[in-house]
There are 2 protein chains.
Amino acid sequence: MRTTALISNTRAAHRDHDHERCRTAALAQARGLCLDRRVRLTPSREAVLRLIWDSHCPVGAYSLLERLEAEQGHRILPPTVYRALEFLLAQRLIHRIPSRNAFIGCPFPEVPHHNLFLLCRHCGAVAECCAGPLDQAIAATAARAGFSVTDHNLEIEGLCRQCQ
Amino acid sequence: MRTTALISNTRAAHRDHDHERCRTAALAQARGLCLDRRVRLTPSREAVLRLIWDSHCPVGAYSLLERLEAEQGHRILPPTVYRALEFLLAQRLIHRIPSRNAFIGCPFPEVPHHNLFLLCRHCGAVAECCAGPLDQAIAATAARAGFSVTDHNLEIEGLCRQCQ
DNA sequence: AAATGAAATGTTATCACATAACGTTTTTGC
DNA sequence: GCAAAAACGTTATGTGATAACATTTCATTT
Ligand SMILES: [Zn+2]
Ligand SMILES: [Zn+2]
Ligand SMILES: [Zn+2]
Ligand SMILES: [Zn+2]
């Protein structure tokens, strides 16, 4: 039986782990990626990305705002946060999870992929997968309805390994 | 080659058709279903359902509100609309599409299913599918990550047959 | 028919999420 | 240094959703 392409961060997101390593790795990757792309990971953008990587749970814009205020000791306004989020989304360093109105760091920012999230109803952590075969199955199903796919968003709800 | 279970309303939603039949059928089915379940499809609930079935495009709560006001000739307040939506969601007569903050009528309210939408970027119409095999593929992918699925929401974006 | 409790609705207020518009500062390429 | 572009600050507003409580309507029992 052949293994199929499934990349996932579920072992980190949905287990006890040294999360500081997740964050450090994500930030290092983000810096390198922004250098390559000649875009600027400014201090406020990096601060937002770092806060998003505080956990594997999606975080809302106003929660980020409060935490930025606490961190920087002065008032922050919504456009500041949303502009940073807009940049991070454009660089695919984070994703927005529509059902949660919240944002989460992408573990595979350099791999083109569609949204595929595993949302644990108990602990709240969200893991992300890149599953080529599933993407193909989705495209095939759409094709049978005469529909050509440009993108998709799949949010799977349930219980992670730890919480079952 | 065997056919697999794929139920879809794409032929109606994504083509020219006699939409009055869609609406009439949906309302008739809703009435019967509510009778069976001993729940009340009150006038305001039915009015919201009828407005939702004005088209195959998802419609926001405040748009419904305005159209209700126009129809009934007096002021309507948000909780009125949201309570009707809450009822219709509970009876699975409509779905909420998270990426749109909007609602759409369910063509298969009696068939248990997960959310699977085909959203056309050009015309805005949304078709719904029930695709057992795809549901299984999703559950299998999740299982490989040690995740047990209770529900999922899949929003496929692209171009419908008409708009390609 | 009257009493009663449950369900539905009306009403006020507020919360949560997101962006438009415009002015100022910082950065970058020349 | 200068000009253009990018990023950021600030004010205001738009959009989606719900909490809390009063009132009305409905179904059931007596
Ligand atoms: Zn990702
Ligand atoms: Zn969990
Ligand atoms: Zn449905
Ligand atoms: Zn279309």
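Note on naming: letters A, B, ... go to the chains in the order of the sequence lines (proteins, then strands), and numbering restarts at 1 for each one.
Remark: P of C:dA8 and CD of B:Gln91 are 10 Å apart, rounded to the nearest angstrom. Distance CZ (B:Arg83) to P (D:dC21): 14 Å, rounded to an integer number of Å. In this entry the distance linking CG of A:Asn101 with P of C:dC15 reads 18 Å, nearest Å. Atom CG in A:Leu64 sits about 15 Å away from atom P in C:dA16, given to the nearest Å. If you measure from atom OH of B:Tyr62 to atom P of D:dG14, you get 13 Å, rounded to the nearest angstrom. Atom CZ of A:Phe87 and atom C1' of D:dA6 are 12 Å apart (whole Å). As rounded to whole Å, 14 Å separates atom C1' of D:dT18 from atom CG of B:Leu65. Protein atom CZ of B:Arg100 is 14 Å distant from nucleotide atom P of D:dA17, rounded to whole Å.
Contacts between residues 74-82 of chain A and DNA chain D, counted as heavy-atom distances below 4.0 Å, involve A:Leu77, A:Pro79, A:Thr80. Against DNA chain D, the stretch residues 41-55 of chain B makes no heavy-atom approach under 4.0 Å.
Put simply, A:Ile76 and A:Leu51 are part of the same group of oily side chains (I, L, V, M, F, W, Y) that touch within less than 4.5 Å, one to the next. Criterion: ILVMFWY side-chain heavy atoms under 4.5 Å apart, direct or through other members. Under it, B:Ile97 and B:Val48 are not part of a common hydrophobic cluster. When hydrophobic clusters are built by joining Ile, Leu, Val, Met, Phe, Trp and Tyr residues whose side-chain heavy atoms come closer than 4.5 Å, directly or via intermediates, A:Leu6 is not grouped with B:Val149. Under a hydrophobic-cluster definition in which Ile, Leu, Val, Met, Phe, Trp and Tyr are linked whenever side-chain heavy atoms come within less than 4.5 Å, directly or via other members, A:Phe103 and A:Tyr62 are assigned to the same cluster. Criterion: ILVMFWY side-chain heavy atoms under 4.5 Å apart, direct or through other members. Under it, A:Leu89 and A:Trp53 are part of a common hydrophobic cluster.
Under the 3.5 Å distance criterion, the side-chain polar atoms of B:Ser148 are left unmatched by any main-chain donor or acceptor of A:Gly158. In terms of modelled atom types and a separation under 3.5 Å, the side chain of B:His17 and the main chain of B:Ala12 share a donor-acceptor contact.
Annotation: side chain of B:Cys106 is in contact with side chain of B:Glu128 (closest heavy-atom distance under 4.5 Å).
The pair A:Glu20-A:Arg23 meets the salt-bridge criterion, since a charged nitrogen lies less than 4.0 angstrom from a carboxylate oxygen.
Within 4.0 Å of A:Arg40, counting heavy atoms only, lie sugar-phosphate atoms of the nucleic acid but no base atom.
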